[in-house]
K.L.:
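Sharing a structure, written as structure tokens. Questions coming.
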Amino acid sequence: AQTVTQSQPEMSVQEAETVTLSCTYDTSESDYYLFWYKQPPSRQMILVIRQEAYKQQNATENRFSVNFQKAAKSFSLKISDSQLGDAAMYFCAYRSARFGNTDKLIFGTGTRLQVFP
Amino acid sequence: AAGVIQSPRHLIKEKRETATLKCYPIPRHDTVYWYQQGPGQDPQFLISFYEKMQSDKGSIPDRFSAQQFSDYHSELNMSSLELGDSALYFCASSLGGAATDTQYFGPGTRLTVL
């Protein structure tokens, strides 16, 4: 079974600084997708970024980028120029590609990010 | 852009009562997922449907049932509610069988069982 581990329960960053959230996963599959979701105090789950395992290039979305190391099964999220609105719980998630596009998301336990002015 | 709609947003029930949660996926999305997020926990997968058929099942209690209708909306029926069922219930939708693989989440239904 696949597992996702987020070893940092809490992180903090100064506004305008850069922070990296860690995520590791365990799988025997070669084809899968990885995601970072953000959950602000409103509890809405918001997609931040996604990575296809077959792509070597790291995904980037504006101030958000990932460092995907497939061999090490590591998928970290870097937030540049942190803003107060980035404060939230961040979940790393795994989804198998084995059964097409209908497989479930497996989440890590989350990292709570605080942003200080 | 249209998002996933969930109703009701908040629900308060007594123990042993029944609750029905509804989910309306993004237009043209044919796959629906249900997740349960307890206080301070990560979302846990309950069940999913693709083209009105159950496609996967997770840790869903036997007291819960769900279905997807012809218009692709889904309902999660919960009976004999217990205190431990208090949680945030998310519905997510995606376009299964296509290049799009991302699940988009609704705002959730907060269920409180007293």
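A, B, ... follow the sequence lines: proteins, then strands. Residue 1 opens every chain. Just so it is clear, the values below take in all heavy atoms, side chains as well, and ignore hydrogens, waters and symmetry mates. This structure is a prediction, so every number in the text was calculated from the model and none was measured.
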K.L.:
Is the NZ atom of B:Lys13 crowded by more than 12 outside heavy atoms at less than 6.0 Å?
P.N.:
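Enclosed.
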K.L.:
For A:Phe107, is it the side chain, the backbone, both or neither that has a heavy atom under 4.5 Å from a heavy atom of chain B?
P.N.:
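For A:Phe107, heavy atoms of backbone and side chain both lie under 4.5 Å from chain B.
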K.L.:
Taking CZ in A:Arg112 as the centre, count heavy atoms belonging to other residues, nucleotides or ligands within less than 6.0 Å. Is the count above 12?
P.N.:
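Check fails, neighbour count at 12 or below.
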K.L.:
Under a 4.5 Å cut-off applied to non-hydrogen side-chain atoms, are A:Leu105 and B:Tyr35 in contact?
P.N.:
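Counting from C-beta outward, A:Leu105 and B:Tyr35 do come under 4.5 Å.
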K.L.:
Crowded around A:Lys73 NZ? As in, over 12 foreign heavy atoms under 6.0 Å?
P.N.:
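Enclosed: over 12 neighbouring heavy atoms sit under 6.0 Å from NZ of A:Lys73.
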K.L.:
Could you walk me through whether B:Gln37 and A:Arg43 satisfy the side chain to side chain donor-acceptor pair (under 3.5 Å) test, starting with their C-alpha distance in whole Å, then the side-chain angles of each, then the deciding distance to 0.1 Å, before giving a yes or no?
P.N.:
CA-CA 10 Å; B:Gln37 186 179 27; A:Arg43 304 296 300 278; 3.2 Å; yes
K.L.:
Which atom pair, heavy atoms only, marks the closest approach of B:Phe105 to A:Gln44?
P.N.:
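Closest approach of B:Phe105 to A:Gln44, heavy atoms only: O-NE2, 3.1 Å.
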K.L.:
Looking only at heavy atoms, which two atoms of A:Phe91 and B:Gln41 are closest? And how far apart?
P.N.:
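So the two residues come closest at CZ-O, 4.1 Å.
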K.L.:
Quick check on A:Gln39 against chain B: is it the side chain, the backbone, both or neither that has a heavy atom closer than 4.5 Å?
P.N.:
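The side chain, not the backbone.
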K.L.:
In this structure, are over 12 heavy atoms from other groups packed under 6.0 Å from B:Asp71 atom CG?
P.N.:
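Enclosed.
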K.L.:
Find out whether A:Tyr37 and B:Gln103 are in side-chain contact, i.e. whether some heavy atom of one side chain is under 4.5 Å from a heavy atom of the other.
P.N.:
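Yes, their side chains come closer than 4.5 Å.
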K.L.:
Say whether A:Leu47 and A:Tyr90 are linked into one hydrophobic cluster, either directly or through other cluster members, by side-chain heavy-atom distances under 4.5 angstrom.
P.N.:
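The answer is no; the residues belong to distinct hydrophobic clusters.
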K.L.:
Which distance, rounded to the nearest 0.5 Å, do you find between the CD1 of A:Ile106 and the CZ of B:Phe45?
P.N.:
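That separation rounds to 10.0 Å.
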K.L.:
Taking atom CZ of B:Arg28 as the centre, does the number of heavy atoms from other residues, nucleotides or ligands within less than 6.0 Å exceed 12?
P.N.:
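No, the 6.0 Å shell around CZ holds no more than 12 heavy atoms from other groups.
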